[in-house]
**Q** 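Okay, handing you the structure first.
Order of the sequence lines sets the chain letters (A, B, ...), proteins ahead of strands, with each chain counted from 1.
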Number of protein chains: 2
Amino acid sequence: MRMSAEERRESVIRAAMIEFARSGYRGTSTETIARRVGVSQPYLFRLFPSKQAIFAAAAERCIEETWKVFDEASAGLTGEEARVAMSRAYAGLVEDRERLMMQMQLYVSVFAAEMAGEGDIGEAARKLWRELFERVRIRVGGDVKDATQFMAYGMLVNTLVALGYPREDRMWDGFDQHDGCE
Amino acid sequence: MRMSAEERRESVIRAAMIEFARSGYRGTSTETIARRVGVSQPYLFRLFPSKQAIFAAAAERCIEETWKVFDEASAGLTGEEARVAMSRAYAGLVEDRERLMMQMQLYVSVFAAEMAGEGDIGEAARKLWRELFERVRIRVGGDVKDATQFMAYGMLVNTLVALGYPREDRMWDGFDQHDGCE
DNA sequence: GTAGGTAGTGATTGGCCACTAACTTTGATC
DNA sequence: GATCAAAGTTAGTGGCCAATCACTACCTAC
């Protein structure tokens with residue numbers, strides 16, 4: 001029952017990822033997160049300075065883990081093999097709709113944050129994306145066009161999963177069967 | 001100043017598209033929308049039965065307009081020509097980041113709505129998307145793969161614009177220059 | 001066994017928000 | 001110029017929510 005503050009913070013991040021993914025930043029109350037953690041609501045504010053901080057921690061964790069999946073899937077591979085491996089890994093990752101939604105919530109929050117004047121959040125997110133693109137580009141053989149196409153299909157899958165199409169209904173989902181342009 | 005209910009509803013939808021795009025469903029108060037329309041907040045509930053209904057109307061309008069842009073751009077064209085025309089048109093449309101964000105908010109809200117038990121919203125959104133895809137497919141010549149690729153690049157552009165990449169920085173944005181697989 | 005630090009709670013507060021009800025204004029028609 | 005419907009408002013309600021504060025329970029070291 002009783003944990004160290006560090007362990008509790010970890011539980012809070014996990015719970016927050018689920019709840020924010022489900023209902024977004026504004027739609028999630030700290031009460032809900034606390035209930036999932038199994039702790040009183042005011043205690044969250046001992047572990048984090050604000051609700052914003054909890055969201056930021058959850059978003060960062062989400063990106064970290066996403067990159068980790070890409071990296072591990074394509075380790076030691078190049079070109080076409082790397083692309084197929086990453087496609088498969090991403091398709092699997094994203095099958096967990098809740099996890100994907102956290103990613104989507106982050107995209108949406110960038111704009112809201114910029115509107116609210118917190119400019120550096122957007123810059124950080126863009127940098128992460130650029131890095132991801134560069135790494136993918138290198139793994140798939142260096143061609144910008146190939147990498148672009150890979151990312152484009154990824155974003156399509158994001159949208160379809162977000163909208164809740166069951167896998168078998170995505171008849172246009174050529175992501176992991178797709179054999180490229182050439 | 002004084003308008004017919006139908007005209008007012010129209011203004012409300014326009015205002016709602018802007019505000020929901022900026023702050024999302026939960027982050028937008030009906031008061032904010034009403035202020036933008038130039039009308040008292042309770043009056044919104046004469047024009048629409050609920051906040052949900054306002055959002056639904058805004059979302060539907062958003063997708064309708066997207067198709068309208070595709071339709072007009074590709075009128076009288078088919079196949080490759082149609083695809084290029086629609087690509088160009090979409091790139092222009094999406095340059096209005098605020099308008100794009102309404103689309104993103106819709107994607108994100110579907111999941112939240114389903115989690116909250118309002119199942120038909122998700123089904124409606126999927127139907128709208130499927131129709132859009134079908135219409136595009138026919139315009140580009142009937143091939144599922146071509147249509148898929150078109151939509152995939154569209155979703156990539158969505159993400160890049162949502163993240164706030166300035167146009168000239170999207171070095172991997174091959175959307176409107178892209179000349180297809182074949 | 002007690003002193004002190006860490007984990008955790010209950011009660012509360014000030015503010016916001018969707019929605020309702022009851023009322024007023026406006027303008028077209030006769 | 002009275003009437004009636006449609007356009008629009010003011011005032012209010014009940015509920016939720018982030019954050020604060022003052023408190024209690026538990027553990028460890030001496």
Side-chain angles (χ1 to χ4, degrees), chain A residues 1-59 105 108-109 112-113 115-118 121, chain B residues 1-59 105-106 108-109 112-113 115-118 120-121:
Chain A
M1 217 59 186
R2 214 175 142 104
M3 293 181 190
S4 77
E6 212 41 64
E7 285 172 313
R8 273 295 183 217
R9 247 185 289 268
E10 184 60 32
S11 319
V12 171
I13 289 174
R14 293 228 173 283
M17 283 175 78
I18 293 171
E19 296 298 340
F20 282 135
R22 280 190 186 169
S23 319
Y25 179 71
R26 306 298 287 254
T28 302
S29 72
T30 53
E31 176 64 41
T32 309
I33 296 171
R35 214 163 25 232
R36 176 169 290 272
V37 176
V39 101
S40 73
Q41 177 263 343
Y43 189 51
L44 296 188
F45 292 87
R46 287 261 157 122
L47 302 170
F48 294 88
S50 66
K51 188 186 175 185
Q52 284 273 357
I54 298 175
F55 184 83
Q105 296 290 356
V108 162
S109 299
M115 275 288 141
E118 301 137 30
I121 288 192
Chain B
M1 214 58 181
R2 214 172 143 104
M3 295 181 188
S4 78
E6 212 42 63
E7 285 172 314
R8 274 292 185 221
R9 249 184 288 268
E10 184 60 31
S11 321
V12 171
I13 290 174
R14 293 225 174 284
M17 284 174 78
I18 294 170
E19 296 299 341
F20 283 134
R22 279 190 188 171
S23 318
Y25 179 70
R26 305 299 288 255
T28 303
S29 72
T30 52
E31 176 64 41
T32 309
I33 297 170
R35 213 161 28 230
R36 176 169 291 272
V37 177
V39 99
S40 73
Q41 176 265 345
Y43 189 51
L44 296 188
F45 293 87
R46 286 260 158 122
L47 302 170
F48 293 87
S50 66
K51 186 186 177 186
Q52 283 274 356
I54 299 175
F55 185 83
Q105 296 291 354
L106 171 59
V108 162
S109 299
M115 277 289 139
E118 300 137 30
D120 47 347
I121 287 194

**Q** Rounding to an integer number of Å, can you tell me how far Ile54(B) CD1 sits from dC17(C) P?
**A** 14 Å
**Q** To check you understand the geometry: which heavy-atom pair defines the closest contact between Val37(B) and Arg8(B), and what is its length?
**A** O-NH1, 4.1 Å
**Q** Would you mind building the protein contact string for nucleotides 4-9 of chain C? One character per nucleotide, 5' to 3', B for base within reach (heavy atoms under 4.0 Å), S for sugar-phosphate only, - for untouched.
**A** --BSBB
**Q** Would you say that Arg35(A) contacts Glu31(A) through its side chain, given a criterion of any heavy-atom pair below 4.5 Å between the two side chains?
**A** yes
**Q** Report, one line per pair, each donor and acceptor closer than 3.5 Å where one atom sits in a side chain of residues 11-21 of chain A; sequence neighbours left out.
**A**
unit_1   : atom_1 : unit_2   : atom_2 : d
Ser11(A) : OG     : Glu7(A)  : O      : 3.0
Glu19(A) : OE2    : Arg36(A) : NE     : 2.7
Glu19(A) : OE2    : Arg36(A) : NH2    : 3.2

**Q** State, to 0.1 Å, how close Leu47(B) and Ala5(B) come at their nearest heavy-atom pair, and which atoms those are.
**A** CD2-O, 3.9 Å
**Q** In whole angstroms, how far is the P atom of dT12(C) from the CZ atom of Phe45(A)?
**A** 19 Å
**Q** Give the minimum heavy-atom separation between Gln105(B) and Tyr25(B), together with the two atoms involved.
**A** OE1-N, 4.5 Å
**Q** Considering only heavy atoms from C-beta outward, does the side chain of Phe48(A) approach that of Arg9(A) to under 4.5 Å?
**A** yes
**Q** Rounded to the Å, how far apart are Lys51(A) NZ and dG15(C) P?
**A** 19 Å
**Q** On a heavy-atom basis, which atom in Thr28(A) and which in Ser23(A) lie closest, and how many Å separate them?
**A** OG1-CB, 3.6 Å
**Q** To the nearest 0.5 angstrom, please state how far the CZ atom of Phe55(A) sits from the OG atom of Ser109(A).
**A** 3.5 Å
**Q** Give the first and the last nucleotide of DNA chain D, reading 5' to 3', that has any atom under 4.0 Å from a heavy atom of chain B.
**A** dA6(D) to dA11(D)
**Q** Starting from P on dC19(C), measure out to CZ on Phe48(B) and report it in whole angstrom.
**A** 13 Å
**Q** So what does Thr28(A) touch, heavy atoms closer than 4.0 Å: a base, only the sugar-phosphate, or nothing?
**A** sugar-phosphate
